[in-house]
Structure formats: C-alpha cells, structure tokens
Amino acid sequence: MHPVTRMEIIASSAELEKIVAGLDQSGVPGYTIIRNVVGKSPHGKVTDDLVMSMLDNVHVIAFFPPELTKTAVEAIRPILNKFGGVCYLSDATEIRSLRCVASL
Amino acid sequence: MHPVTRMEIIASSAELEKIVAGLDQSGVPGYTIIRNVVGKSPHGKVTDDLVMSMLDNVHVIAFFPPELTKTAVEAIRPILNKFGGVCYLSDATEIRSLRCVASL
Amino acid sequence: MHPVTRMEIIASSAELEKIVAGLDQSGVPGYTIIRNVVGKSPHGKVTDDLVMSMLDNVHVIAFFPPELTKTAVEAIRPILNKFGGVCYLSDATEIRSLRCVASL
Amino acid sequence: MDTSLVLSNVLTPPILFFFLGMLAVFAKSDLEIPQPIPKLFSLYLLFAIGFKGGVELAKSGVSTAVLLTLSAAIFMSIVVPIYTFFILRLKLDPYNSAAIAATYGSISAVTFITASSFLQELGLTYDGYMVAALALMESPAIVIGLILVKTSSAKTSDREFSWPEVIREACLNSSVFLLVGSLVIGMLTGEHGWKFLSPFTQDMFYGVLTLFLLDMGLVAARRIKDLQKAGVFLITFSILVPILNAAIGLAIAKLIGLSEGDALLFCVLCASASYIAVPAAMRLTVPEANPSLYISTALAVTFPFNIIVGIPLYFYVIRLFW
Amino acid sequence: MDTSLVLSNVLTPPILFFFLGMLAVFAKSDLEIPQPIPKLFSLYLLFAIGFKGGVELAKSGVSTAVLLTLSAAIFMSIVVPIYTFFILRLKLDPYNSAAIAATYGSISAVTFITASSFLQELGLTYDGYMVAALALMESPAIVIGLILVKTSSAKTSDREFSWPEVIREACLNSSVFLLVGSLVIGMLTGEHGWKFLSPFTQDMFYGVLTLFLLDMGLVAARRIKDLQKAGVFLITFSILVPILNAAIGLAIAKLIGLSEGDALLFCVLCASASYIAVPAAMRLTVPEANPSLYISTALAVTFPFNIIVGIPLYFYVIRLFW
Amino acid sequence: MDTSLVLSNVLTPPILFFFLGMLAVFAKSDLEIPQPIPKLFSLYLLFAIGFKGGVELAKSGVSTAVLLTLSAAIFMSIVVPIYTFFILRLKLDPYNSAAIAATYGSISAVTFITASSFLQELGLTYDGYMVAALALMESPAIVIGLILVKTSSAKTSDREFSWPEVIREACLNSSVFLLVGSLVIGMLTGEHGWKFLSPFTQDMFYGVLTLFLLDMGLVAARRIKDLQKAGVFLITFSILVPILNAAIGLAIAKLIGLSEGDALLFCVLCASASYIAVPAAMRLTVPEANPSLYISTALAVTFPFNIIVGIPLYFYVIRLFW
Ligand SMILES: Nc1ncnc2c1ncn2[C@@H]1O[C@H](COP(=O)(O)O)[C@@H](O)[C@H]1O
Ligand SMILES: Nc1ncnc2c1ncn2[C@@H]1O[C@H](COP(=O)(O)O)[C@@H](O)[C@H]1O
Ligand SMILES: Nc1ncnc2c1ncn2[C@@H]1O[C@H](COP(=O)(O)O)[C@@H](O)[C@H]1O
Ligand code: NA
Ligand code: NA
Ligand code: NA
C-alpha cells in the first residue's frame, strides 16, 4: 500500500512505438495500452475508420513510484511536443503486495 | 504543469452522440472515447454480443480546467439521468507544455 | 456529489471471471471492463496476437463508497497474488444524482 | 404433423450449429465469437439477401401481386404492435408494453433468412419482393410503439420526442438501410451484377448463415437467465403471440393468393420479433422500458421457437391449406 | 464522351455501393463497418491482386515491355510529387505542400482495383506486371516528399530525419509489403498455386471489393466537411491535378506502347492519390503538416472523382487514341 | 531425402506466406493482422475441418480400424507428456516441466491442417476419423500435466485444484468444442449438409489457411526473441522431441496399418505441440510456470519446424516404409 504516480498518455497510434521506448528507457516498471481509441482536441477529430493509416489513438497508462515522475515526464514530453498527444498525472495507491508466484 | 479536472463517463454507446454534443457545447478542450466496453451496474449487465443493437458501453474521458467543471457536469447530468450511465470526477495535473508544431 | 474510491485492476483476461466474481461478492455497485488491452510489467510483455489463448489483458474499473475499499481489496488481492495482475486505488467524486428512470 | 418435416429442418447445419452455440453456453465452454465478427456476418447476410431480392424483383417486375403483398406487410406491421400492446397491458406498465409490442410488430431478418434456406433445401422458391416486404416491416412498429407510449403515458408533458430523430431511427437504422440499399442496387444492376457478385453472395451464403446461427445460439442462451425477470406471463406471451401472428399472417397470405414459399416467408415475418433494430431504437426513445425484457423474450424464446418449431409448423399448415 | 461508358461504370455494384455508403452518411444512417472489418477487406484485396499479378507475371516472363513500364512507373512517382509541390507552394507552406505532393505522387490501390474490375466487366485484360507497377509507385513519393521538406524548410538544423526509418516507412509499410510479397509468391507458385487459391482470391474478389467500396463511401463522406478547411484552391487542385497526371500518364502509355487495359491502369495510377501509406508516413515524418488536408483531398475528392468520372473518362480518351 | 518433396511443400502458398509473415517481423514492416481477424480464420478452419471429417466419418462408418486409431491417439496423448516431463525435469522445475510436457502432449490443429493440405496437393486422401483423433488428442495432456504437477510439487497442501474446472478447461475449451461439434454435425447431416456447405467450407479453405499462416508467421517470429530466455536446452528439446514423438507415432501407425495419408496425419499429431488450448489452461492451472517458455518453444520452434521440415520429412519416411 504505497503511493504511486498514475501517468496517462493519449496520442496517435503512430507514436506508440516511440512512447513505449521512452517509458522503457525512463525505467517505469510497467504500462498498459488501450488501442483503437478515438477522440477530439483543439487540433481536430481523430477516428479509426482508416486503420491502415494509423490514425487512431492509443491510451497508455503507467503507474510508477513518485520519484520516477520527473524522468518519465522528460522522456515523454519531447515526443508529444513533436508529434502531438496529451499527458496527465494523478495520484494513486498501489495495493498489491508482492506477487508470490515463481517465475524464471 | 497545471491542475485539471478529469471527468470519466461510462454510458451506453447509444448515448455517445448526445454526450459528445454535450461536451462540445460545454467548451471542454478535448475528450477521448474508448468503445466496446462492457460492465455491470445495479441496473443490469451490459455485454457487446449484439453490437447492432448498440447495447455495449462507451468510456469517455475528458480533461479540462477546473473552472469548466460546473458547466461540463450540467451538460452531462441530464443525459445520464434520462438514459442511464455514470460520471465521476477526479483531480489530475496536465504536464504537456504547449505543443510547438505548426498547424493551419 | 460524494467521494468514492476508484479501483483499477489490470490482469490477464484468463482471470476476468474470477475478478468479476470477487467484485460481485464484495458488494461493489458496478464495474466496467475494457478488454483487449496489452502491456508490460517486470513479468514480461503481454500481446493479444494469440487471442484463443486468452493471453491479452483486461482493464477493470470499479467505483464504490470508500467504506467498501477494504472488502474489495481483500476480494481481489488473493486472485492477483496467485495469477498475476496489478491493482491501484485513487479518489474520485461521483456526480450523478439518482437516476430517475423507471425500471422493473 | 409430419415429423420428417421438423427433422428435415432440425437436421440441417444452420439449426444444429444454433443448438451447438446454446450447448456451449450451458456447458460453460469458453467458445465465443467476438465482435465485430458477428457484425461482419450480419452485414454480409443483409447485403446478400437484399441484393438477391433486388435482382429477382428486376426480373419479375412490379405487379399487383407485389403491391398487394407489400400492403399486407405494412398492414401487419401496424396492426400487430397495437393489439399486442393491449395484451401486454394486462400485466405490464405502458413503457414496457409499448417496447415489447414494437419488438413483436417488427421482424427478425435472420428468422426470415433461415426460412428462406429451409425453402431452398426443400427445392422451393420465393419471390424477390418478399425481401422488400422484409424491409418494409422492420420500421413501422417502432413508430407505432412510440405513439402508444405517448398516448398512454400520463406525464405526456415532459415527453417531447424529437420526431425527426424517431423517423431516422426507424427508417435509416443500419439494417433497414443496408437491406433496402442492396435491394435497390440489385434491381439496378440485375443479371449483369448478379453474374459478378453471385459467387460471393450466393455460394457462401449458407456457410455464413451457419456460422452466424452458431453465434446466435451463444447469444440467445446467454439471455436465458434474464427470462427469470420476465416471468411466466411474458414467456407464454413470447410463444403464443408469434403463433397468433403467424395464423393471421397465413390467413392473409391465403387471401391474397401467395405461393407456398411466399406464404411461409410472410408468415415468418409476422411471427418473428426484432432483437436488433427495435431494441436499438427503444433504448433511446423509451428509456423507461427495461431492455432485458424485450431483448430476452425476442431473442431467447421467440427466435429459437421460430427457427426450430415455427418454420416447419407454419409450413405444415401451409401444406394442409394450399 | 460516350455516356453509356459512364453509365456502365456507374451502374455496377461496387460503384453503387460506394454511393450507398456516402448516402448513409448524408442521411445520417447509423450504418458503419467497424474495424477491423475494413482492414480484413483491404488485406484480402492486396493479397488477391498481388497474387494474381504474380501468377500472370510468371506466365508472361520479364520482357523489355515490362522493364519499360516499370521504369515509366517509377519515373512518374518521382516527377509527380515534384511538380505538384511547386503548384501547391503557390498557396501553402512547405510542410503541407510536401505532404500533399507526396500523397498525389503515390497511388491508391483501391482505385487501381476498381479500374481492373471495370476492365473485367468490359471483357478486357491487363498484364500481371501492372501490379508490380502499382507496388513500385507507392513508395518513392514518400521519400521525395521528405527531400522537398528538407530542402525548402528554413529551420533545417533541427530536422534530423532518421533516414533508415523513412526508408522503412516507405518501402516496408504494410500495404507495399503485402502486395509485393503476394506478387512474389504468385510468381513462385504459378499455375499450381493458382489452382488451389483461385476459388478464394478470384471468385470472392468482386464481392469483397463491393463491400469495401461501401465502407470507402462511408469513410469518404465523413471527410467531406473537412474540405471546408481545405478551401477552393485545394479542392480545385484535387480534381485538376489528377486529370493532368492522367494526361501525362496517357501520353507515356501511348509512347511506350501499352495495351488499352494496361494504359488505363497506368493512367489511373498516375491520377490517384494515396490515403493510406502516405498519410501514415507523413504523420510521423512531417508532423507539421495538417493530416486533415492531405487526407480529405485524396479521400473525399480525388478518390470519388477517379472511380466515378475518372476511370470511364480516361478510358474514353484511350479509345480515341489507341 | 527427396528434395523435391521439401520443395513441393515449401513452394506452396501457405508455407510461403508463413515465411512472408516472419520476414515482415524481421524486416520491421508494420504489417499486422489485428484481432479478431485471426480468430475468425481459426474458427473457420476448425469448423471446416471438423465438418468435413464428420461427413466422411458418416460415409465410412465406425470400424475397428477407427477404434484402433482413436485408441492409439489417446494412448499417445497420455504417454507423450509423461516421458516428456522426465526429460524436461533434467533442467527445469516441476511447474515449467509439467506445462511444457502438456504442451507437447497436446496437438496443433494448424499443423494438422497444413499436413492435410500437403496431402491434398499430392493427390492423397485421408480418413475422416483422423479429425476425431485430432479432437481426442487435444485434451488429455492438460489433465496429465496437472497430475504431474500435483504429484511432484512439494507444497501439495495449498494446491487444491478445482477438478471440475480443470476438466472443463480440458474438454470444453473453444477449439475442442467447436471441432467436436462440427464433426458431430457433419456426421448428422452427411451428404445433404455437405452439398450446401461445401462451397464455403471446401472452396475457401485453402485461401483462409494461407492468410492464417501469414498471421502465424507474424506471431511466431515475434516470439523468437523470447527464445533467449528458453536457452539451448529447450530449443534443442523443441526440435528433437517432436522428431522422437513422430518416430514413435510412425511405428504405431505402421503397427495398426494406417494408410499413407492417415499415417502422416497421425505422425504430425504426435509431433506437434499446442500453443492455444494448453497455454490457456496452464495460465490458470499452473500459474507458476512461465508462459513465455511454453509458448515460445511450441510456436517459434516446433511449429515452423513441423510445417516446413517435419511434414515432408515424416512423409519421406512413410514413403520408405509403407
Ligand atoms: N482535454 C482532453 N481530454 C481528453 N482527451 C484529450 C484531451 N485533449 C486531447 N485528448 C486526446 O488526445 C488526442 C491527441 O491530442 P492532440 O495531439 O492534442 O490532438 C486527441 O485525439 C484526444 O483523443
Ligand atoms: N460503480 C461503477 N463502477 C464502474 N463502472 C460502473 C459503475 N456503475 C456503473 N458503471 C458502468 O456504467 C454503465 C452504465 O451504468 P447504468 O446506467 O447505471 O446501468 C454500466 O454498464 C457500467 O459499465
Ligand atoms: N506499473 C504498471 N503500470 C501500468 N500497468 C501495469 C503496471 N504493471 C503491470 N501492469 C499491467 O498489468 C499486467 C499484468 O501485470 P503482471 O501480472 O505484473 O505481469 C501487465 O501486462 C500490464 O498490462
Ligand atoms: Na413480427
Ligand atoms: Na498518383
Ligand atoms: Na503432440
């Protein structure tokens, strides 16, 4: 039961590879990706009807210890600045105790 | 890095058009829509196996300046009251600095 | 407009049935399920390319009165401990007033 | 009744795969056909049946027989929801009564298609304009249902329907639109279009129908536990009223002199209930009604009843009287 | 111009279903074909057209005619974006000009496929290597577009393209990859593979194309309101430039002695604009350009223009001169 | 070994598209076939192969040859996981050993289907009951795997399997259920059902298999880097054990007098490893095992080995001894 930062990124699916690389580099322990998300922003409407053009959005959620926040933000910000997309932070509490399942 | 309100609406996909119109009217800067979401509430279970009946849910997320909260809530509440659905608010921080990409 | 707890569970779709049963038992009033979610954690990468193997993830969101938090956490924790998955809590505000639509 | 007729219907791949789907749910198998695969199947079936109907309509032309049949179709789709509504009011509130009445006044395209493949297996034909009847019978019940709500609900004041929206829901919902569109295109392109499209719309039809009915079996069986909420009255209703509607349909079919094949299809249209277009419309226009009532009766009782018992039963009666 | 030619193109199921899709959007029907169904159709079409082209290429072998045609194809896909860029620069900034130029320098596989089914309906054939031309013309424009941005944009300093990434985007994007892969496999397996695959790739082709064009009608119509942003200049551009490109294409086709069928396809390749591969590449490599400009012009103007008016028009001209 | 045999297997569209899929991943193309398209393909393939097997089983009837073959199938699916487990215990913990043993004791339907299309191309037939063998061999290994975990793991106390759940996972998982269901329906409807369904289940089969193998190529190649975790022991295992299993299978096939075609299929069943049903079951019943181990070996090594090298190799041996 310790506090974590919840980072939420919404951006074009074309950027996903870069965003994931950025998160990996910044050392966040994990993330979850919801694909085929659509939306609207002052820059326009995003639909998924031309999926081969990678024009739909992805919604990426990452939880990490608060001390990683700065690194993670710095890894993501330039990507969003260049290619578009939004990022928000909020607070959450992790409740799962360490998983006791064997793994290689 | 300024505080924003995070609004989360879950409702029947049949209502999506009205919800989006409500958000547009209330002046929120953007929103994201996750479709084909299922769930349960005291009013019953929602599945997506009859998609032509628009009986699955949508999950709409909108971030906006706290001062827009009242307007946005008032735009959404009557729709949910009439047709069903839930809406929750929480706090978040926007981290993206202004996007510097040219756009017409 | 009263405070609620927002619980967010991300786990393998193979566990969904158990998680839902746990939530039902713990008395939470509702939940929403986003399927076909992928992700990464220290235990490895999860993709959805072999869907018949139920190897993609699900993202389950439940809002409930804060006093249910302990019960809900206790219902979910053993499942995640055994089969994997993560669970986070955060605070939110419910804004929908009671729905005034007739229902049997 | 000739049991070989029931058997010859039941022992066909589409019906057996419907049972297989139901069995999967009862046996708790994890078999599922995720969206949008079933959507693809239903788009295909509407496209194929509409196109075929159009091509045949182009061949046969529009005669008085056609006009008579189409008038009868519209007549039934207006009358059925009205008398059904009053039956339902015996036990239910106006909202649910109107929604269920609309459901039974409209039609189920898959039931129609299953009946057409039943005819095909018996080597019988039907006329292309029956597809037009199918299209015409889908919408009126939605409008009638709303009028019933409006006239019978006390608090009329706060109900302002947006009538354009209602009409749009009724006449432009995706299944009516695709069906009518394919029909018209079939008429326009005729034999020439048929030559190019039939390997797709004709040869694969039976297979897609079979897979679609597998999914329908899954979907119907999942709704069976919703029937508890429906109660004995509604379950009885959802078997007896289709039979009643079918009987009236048969009488009319005889009266206007339809062929055996057309009579069966007309009768199946009267007997079937909508679980797609009408629920979608009711969800928005009569939100007070409980979707699990009108969906579960139409889908978990009336639909299986019609495709398993109803089609051969109605056909047996036709054989007696024609 | 022979109106029967236009009619014989327009009155075919694929084109009529394209109209039906547009109509669905204008009439506000809720008809939609959700992902990944359209993706399935487009994978199928690329697979089928590529495979067929390969099988035919294996039969005909690689002659000088082939090499000449493929050189002409590459030539056009390099030259078109360059002169198009300077036309666009009259009104637009370098980013949008380069992105739109790349769009019009590349091709639309669906336009090509629609033209091939137009030929099929007229009983004309085309050579397998035209599919190779299709594949070859998709990518170069992407690279040219980037070079144009690089050379014309002031702040060159902070633009370091990752050239390997650009080449990968250009040459290995899914549509080029699947098309070329299917072509090569068609060449390798020849008649033997054809015997086993043709019931799938040949017989269903026309039907899948028809359903896909229904979806394209929906997609194109949804973009029409984006055209307001585009303005009169761009809308005029997106009709006149395809005609110009088609004219140049025809001249070259005549020069190198293509057959009627091949000439039509070559001309359609020159006239069509990419709304799949190029937008995907531009989104990442020229993020400054506004996607709604290059997509809406290619998709909501040029694509419908080509499949409805362009194909019969270009064919009419071919008939005059061949 | 006859290289023309390998070539005639490799130079077929399904295998070449499998390579194309792998190439797409290695070349970092963005080609992908998003869900649920592959799910649609696999539902179709199970439906079609099951139905065809059932129709043929209805024709041939149930003889001692059938019973003998099915007994042999069950025997192998019980024995293989047991001896495989002890091989794996040389290096791995009981959990991973049991999960991998179950994987290799079960079967891969796609490998079977690929082998059946290999036979088809050679003009050879196989008996319908081989599909029943396919269905019967999928489940037992899951149960054996769990028994192995239970008997060998120290902390037995806190492991209470819910056996009904395990049996349900094993026998009612979607692929077994659909396969057996289609087989039974094929038997029930026989020639009559075949007449109506075969344009769908027969004519499109090869094409769907080809597209599905394209996807399998993508999926398999994505797992290749997981093999690093697997290590040399497991990689060697996942080539040698299939060969061992195939050899035993061949000996049994000879013993019970199977035809050439049936022997190849039986042998392929023994040699193949499950990457669908078993992983789904293991995920829940042996959560301690690492999914990337049992999936990557079965999918990225054994599956490609079998369809590329194994099938012609086993067939070569059959030709020697039959
Ligand atoms: N205020 C917002 N709230 C929720 N989602 C947003 C918001 N702004 C942008 N988005 C999402 O982020 C995507 C990319 O944003 P942009 O790059 O600003 O166009 C949009 O298509 C929306 O899906
Ligand atoms: N407490 C809750 N937590 C999460 N999701 C909920 C909750 N209540 C309702 N929902 C979602 O909102 C949808 C519509 O709710 P309702 O209109 O109350 O039936 C449900 O189908 C759920 O997906
Ligand atoms: N820190 C995290 N942030 C967001 N999602 C996570 C995180 N850790 C795990 N997940 C998600 O939870 C799934 C299961 O986690 P695990 O059981 O730990 O492998 C992963 O596949 C991710 O989708
Ligand atoms: Na009816
Ligand atoms: Na072009
Ligand atoms: Na095996």
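So that the names make sense, note that chain A is the first sequence line, chain B the second, and so on, each numbered from 1.
Rounding to the nearest 0.5 Å places NE2 of E:His192 at 7.0 Å from OG1 of F:Thr12.
Across F:Leu31 and E:Phe177, no two heavy atoms sit closer than the pair CD2-CD2, 3.9 Å. When all heavy atoms are compared, the tightest approach of F:Pro13 to E:Ile185 is CA-CG2, 4.2 Å. For the residue pair E:Leu43 and F:Glu32, the shortest heavy atom distance occurs at CD1-O, 4.4 Å. Minimum interatomic distance between F:Ser29 and E:Asn173 (heavy atoms only, all atoms of both residues): OG-C, 4.3 Å.
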Please test E:Lys39 against F:Ile37 for side chain to side chain contact (heavy atoms under 4.5 Å, CB included), starting from the C-alpha separation and ending with a verdict. CA-CA 9 Å; E:Lys39 174 107 187 191; F:Ile37 298 176; 4.2 Å; yes

Can you list the steps and then say if E:Leu40 with F:Leu40 is a side chain to side chain contact (heavy atoms under 4.5 Å, CB included)? CA-CA 10 Å; E:Leu40 171 62; F:Leu40 171 63; 4.0 Å; yes

Output, in order, the C-alpha distance, side-chain angles, deciding distance and verdict of side chain to side chain contact (heavy atoms under 4.5 Å, CB included) for F:Leu214 and E:Leu178. CA-CA 10 Å; F:Leu214 171 63; E:Leu178 182 55; 3.9 Å; yes

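Counting heavy-atom pairs under 4.5 Å between each of E:Leu172, E:Val176, E:Leu188, E:Thr201 and chain F puts E:Leu172 at the top.
Residue F:Gln202 does not touch chain E at all, counting heavy-atom pairs closer than 4.5 Å. Within the 4.5 angstrom heavy-atom criterion, no atom of F:Phe19 approaches chain E. Neither the backbone nor the side chain of E:Ser198 comes within less than 4.5 Å of any heavy atom in chain F. Residue contact with chain F, scored on non-hydrogen atoms closer than 4.5 Å, involves the backbone and the side chain of E:Phe196 alike. Neither the backbone nor the side chain of F:Phe200 comes within less than 4.5 Å of any heavy atom in chain E. In this structure, chain E has heavy atoms under 4.5 Å from both the backbone and the side chain of F:Pro36.
Residues meeting the salt bridge (charged side-chain N to carboxylate O under 4.0 Å, His left out) test with E:Lys59, sequence neighbours left out: E:Glu191.
Classification of the E:Phe47-F:Phe17 ring pair by plane angle, with boundaries at 30° and 60°, yields perpendicular.
No donor-acceptor distance shorter than 3.5 angstrom exists from the side chain of F:Asp203 to the backbone of E:Pro199, with no hydrogens or angles considered.
Scanning residues 205-212 of chain E against chain F with a 4.5 Å heavy-atom cutoff picks out nothing at all.
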